[in-house]
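Below is one structure, written out as C-alpha cells; the observations come after it.
Proteins get letters first, then strands, A, B, ... in listed order; numbering begins at 1 in each.
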Number of protein chains: 4
Amino acid sequence: MPRPNVEAERREQILSAACVVLAEVGLQNLRLAQVAKAAGVSSGTIHYYFETKQDVVSAAFEFNMSNSLERRQSILASEQNPLEMLQELVESYLPADSRSLQAWRVWAELWAEGMRLDPLQEVNERLYGQWRDIVTDVLRAGQRQGLVKEGDPVRFANMLVGMVDGLAMQVLLHSPNMDLKNMRETCNALIGLFAAR
Amino acid sequence: MPRPNVEAERREQILSAACVVLAEVGLQNLRLAQVAKAAGVSSGTIHYYFETKQDVVSAAFEFNMSNSLERRQSILASEQNPLEMLQELVESYLPADSRSLQAWRVWAELWAEGMRLDPLQEVNERLYGQWRDIVTDVLRAGQRQGLVKEGDPVRFANMLVGMVDGLAMQVLLHSPNMDLKNMRETCNALIGLFAAR
Amino acid sequence: MPRPNVEAERREQILSAACVVLAEVGLQNLRLAQVAKAAGVSSGTIHYYFETKQDVVSAAFEFNMSNSLERRQSILASEQNPLEMLQELVESYLPADSRSLQAWRVWAELWAEGMRLDPLQEVNERLYGQWRDIVTDVLRAGQRQGLVKEGDPVRFANMLVGMVDGLAMQVLLHSPNMDLKNMRETCNALIGLFAAR
Amino acid sequence: MPRPNVEAERREQILSAACVVLAEVGLQNLRLAQVAKAAGVSSGTIHYYFETKQDVVSAAFEFNMSNSLERRQSILASEQNPLEMLQELVESYLPADSRSLQAWRVWAELWAEGMRLDPLQEVNERLYGQWRDIVTDVLRAGQRQGLVKEGDPVRFANMLVGMVDGLAMQVLLHSPNMDLKNMRETCNALIGLFAAR
DNA sequence: AATGAATGAGGCTTCATTCAT
DNA sequence: CATGAATGAAGCCTCATTCAT
C-alpha cells in the first residue's frame, strides 16, 4: 500500500534539486548523478520518475517558472496603488536574494536551450505569458484610475517585462555598469514614463 | 611558398564554424568533431589551434560579438537625426535575417554560460559596453539637438538596450505574443517616450 | 478460503509467460519486468517464487521441454504401423503452428545457453533422451514387424532426431531452401531409407 | 599518412576476439569491454570501427561463418572419391578441436539470435547455402561415377547437413548418448545409406 | 501472498584529447 | 601544418534485486 503522494513528493524533491544544480553549474555541466546526490536519492530513482535526462531538465524548467509565479501572488493581493504595485513587482524580480538568483540562472538556461526545443518554448509561453498578463492587468487598473497614461497596456507591459529581462541578464553577468540598484532605478524610470502627466 | 597568416585564416575559419554550430545545436550539444566538419578541417587541426574545447568556445563568443558590432558602424556614419538613428540601430539588431539570428543565438549561449565564467563576463562587458556607449552617444546628440528629453542619457541607453535584449529573447523563443513587428514597434514606442515634448 | 496450490499455479503462470517472452525476444533480451507483465504479476512476485533470473530461465527451459513431450503421447497410443508412426512423430515436431514455433525457439535458446551451463545440459539430456527413446522403441517395433531394415535402432533414432533438429533450425531461420514442406519430405526420405528392402 | 589496411587489420582483430568471447561466454554475457581486452585494444577503438554492439556481433557471426567455409576448400581440392570426400567433409565439421568447437558455439548463438534478426538470417543463408552446395556437388559427382544411388542430390545434401547440425548440438551439450565417435559413425552410416547398392 | 518503490552496480556509448606519421 | 587513428574517462541509462508495507 503506497503512501499517498510519494510520487508527487519525490518528483518535487528531484526537480528542486535539479534547479539548484542547474543554477550552479549550467545545463552543459549538469550531471544526473549530481542531481541525484542533491536530491538525496539514487541515480536509479531519477530514472524511475523520469525517462531521460532531457525530461528531468524540461520538468525542472517548468518547475522553476511556476514556482517563480507563485511568489508574485501576494503582491497582487495587496492594497497598493497600481504604480506602486508595478514597482513591487519589479522589486520582487530583481536578482537580489539567492532564491531569485537561482531562478534567473535557470531561466537563462531555459532561454538558451528553448531556442531549439519546442516543448520548452511552450513552457516559456505558458508561464511567461501569465507574468505579462499580470503586468498588463495592473497597468490597465492604473489607466482606469487615471494614474497611467493612455496607450496599449499590453505594449507597456511588454516594454517593462522585456526591460526587466534584459537588465537582469547584465546584472547576472556582473556588468560593472548594471548593478542591482541601477537596475531598480532604471526600471522605475520606465514606470515613471508610464505615469500620467 | 606558404601564404602569410595561414594561421589567422584557419582560426577564423574554425571560429566561424563554431558560431554556426553553436547557434544550431547550442553549447550543450556542441561537439568539436562537428565544428571540425563545418570548418572543413580535421579534429586534430582544431586542437592545433586551440588548447581546449573551452578555448574554442570562448574565442567563438568573442568572435561573434566583435562581428556583431562591426555591422553597426555604417549606421553611425549616416546623416540621419538621432531619433531616426536609434530606430535604425534597433532595426539592425532585430533577429530578422539568418545572420542576425545566428548572432542572437550565440549571444544567448554566452549569457547562460557567462554567468559562471569570469572570462566570458569580460567578453560581454567589453563588447556590450561598446554597444551601450554607441546608444548613449546618439541619445546625447539628440539631447543637444533638443530632440530627446532631459535626463541621464546612460539611463536611457540602458533602458533601450535592456529592452531590446529582453524582447529579442521572446522573439527567438517564438512567443506568439512577440514577433518581429511587435518588437520593432515596442522598441520604437520607447524611443517615442524619449522624444522631447 | 485459500485455494490449495496457489503457489503451483503462480509458478506455472510465470514460467509460461517466461517461455512466451523467451521465444519472442530471446534470452539476451529477456527482462524479468517483461515476464512479470506477461504473467500479469508484479516484478516482486517473480522474486517471491524464484531466487534469481537464472532460476526463472532454467525452470522455463524445463517447463518448455516437458510440455513438448506431453504432446507426443497420443501418437504412441495410436494403432498405426511403426513407419507411419515415425512420420506422425516427425509431423508433430515440425515448427508449423505457433505453439510448436515457440517451443522450438525456446529450445534454440536452451542449446546456445546449455553449452556453458551443466544444469541445462541435464535438462536437455533428461527430456531429449526420452524423445530419442521413443523413436528408438518405434524403430525397434518396426524391426520386429520386418518393416524396418536391420541395424542398430538407437543409431537410426539418432539419425532421425538429429536430422529433425538440424532441419528445424533452418526452417526457423527462414532459409529459402528449407521450408516446412521440404523438411517434411526430407525427413520422410530418411524414414524411407530405414524401410526394409 | 595511414598505413595501408590498418582498418581491415583492426577489424579482423576485433572480430576474431569477438568470436573467442562469444564462444566462451555466449551472446547474453558478451561485454564489449571483454572483447576489447581480448583484442588488445581500448573500448573506444571498438566503437571507432563499429557503431554498436549489435554491429560487432553481427559482423562476428559473418566472420565466423566465412572462416569456417575457408577451411573446407582444401578437401575439395583433394583427389579422393566422392564418398570419401563426404566423410572427410563431415570429419572436418566435427566439433573436435578447439577451433571447431569455438566455431560451433558461435554458430549456436547465431541460430538462436538469427531467429529474430533478418540480417543474421541472410548471413546464415549466404554461407550455409554454400556449405549445402558443396555437399550437393560432391554427391552429384558421386552419382556420375555410379557411387551414389539415384535421387535428388539436394535432398541428400540437406539430409546430411541437417543431421550434422543436429548431432553436433548434442555433442556440444555433452549428451552421454552422443559423443564425437558416435557422431562420426552416425553420419557415416547415413553416407553408407547413400551408397549405390 | 504480493506489491512496487527504490537501489546501485555495471554496461554501452560518447567525445575531448593525444600523438605518431 | 595537418591528419585521423586511438584512447579512456565519464555519463546516461538499464535492470536484477531488495524490502518496507
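When distances run from any side-chain atom of B:H47 to the nucleotides E:dT18, E:dA6, F:dT14, the shortest one goes to E:dT18. Counting only heavy atoms from C-beta on, C:R31 has its side chain closest to F:dC15 among F:dC15, F:dG8, E:dA1. Taking every side-chain heavy atom of C:Y48 into account, E:dA2 is the closest of E:dT13, E:dA2, E:dG4.
Look at NZ on D:K53: it is 18 Å from P on F:dC13, rounded to the nearest Å. The separation between D:N29 atom CG and F:dA16 atom P is 13 Å, rounded to whole Å. B:Q28 has its CD atom 13 Å from the P atom of E:dA16, to the nearest Å. In this structure, NZ of C:K37 is placed 15 Å from P of E:dT3, rounded to the nearest angstrom. Taking atom CG of D:L27 as the reference point, atom P of E:dC12 lies 11 Å away to the nearest angstrom. Regarding D:Q34, its CD atom lies at a distance of 9 Å from the P atom of E:dG11, rounded to whole Å. Straight-line distance from the CD1 atom of A:I46 to the C1' atom of E:dA6: 12 Å, rounded to whole Å.
Proximity of a side-chain donor or acceptor of A:S66 to a complementary backbone N or O of A:E62 within less than 3.5 Å is detected. No side-chain donor-acceptor contact under 3.5 Å links C:E109 to the backbone of C:G26.
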Show, in sequence, the C-alpha distance, side-chain angles and deciding distance for B:L15 and B:F50, and conclude whether the side chain to side chain contact (heavy atoms under 4.5 Å, CB included) test is met. CA-CA 10 Å; B:L15 294 180; B:F50 299 91; 3.6 Å; yes
Evaluate the criterion side-chain hydrogen bond (donor to acceptor under 3.5 Å, both in side chains) for residue pair B:R105 and B:Q102; output intermediate values, then yes/no. CA-CA 5 Å; B:R105 283 177 176 148; B:Q102 178 187 301; over 6 Å; no
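Of the two residues contacting DNA chain E, namely A:Y49 and C:Y49, the nearest-nucleotide position lying further toward the 5' end is that of C:Y49. Between B:G44 and C:S43, the residue anchored closer to the 5' end of DNA chain E is C:S43, taking for each the nucleotide with the nearest heavy atom. For the pair A:L32 and D:G40, nearest-nucleotide mapping onto DNA chain F gives the more 5' position to D:G40. If D:V41 and C:T52 are placed on DNA chain F by their nearest nucleotide, the residue sitting closer to the 5' end is D:V41.
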Given Watson-Crick or G-U pairs with both distances under 3.5 Å, what dot-bracket string fits DNA chain F, with | for other-strand pairs and [ ] for crossing? .||||||||||||||||||||
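Residue contacts for B:F50: at a heavy-atom cut-off of 4.0 Å it reaches no nucleic acid atom on any strand shown. Backbone-only engagement by B:L30 is indicated by non-hydrogen atom pairs under 4.0 Å involving sugar-phosphate atoms exclusively.
A heavy-atom distance below 4.5 Å is not found between the side chains of A:V106 and A:F63.
Distances shown here put every side-chain N or O of B:T45 at or beyond 4.0 Å from the OP1 or OP2 atom of F:dA2.
Screening D:L22, D:L117, D:L120, D:L27 for a side chain to side chain contact (heavy atoms under 4.5 Å, CB included) with D:L110, the sole residue that qualifies is D:L120.
Within the structure, the side chain to side chain donor-acceptor pair (under 3.5 Å) test picks out the following pairs touching residues 33-42 of chain D (sequence neighbours left out): D:S42-D:T45.
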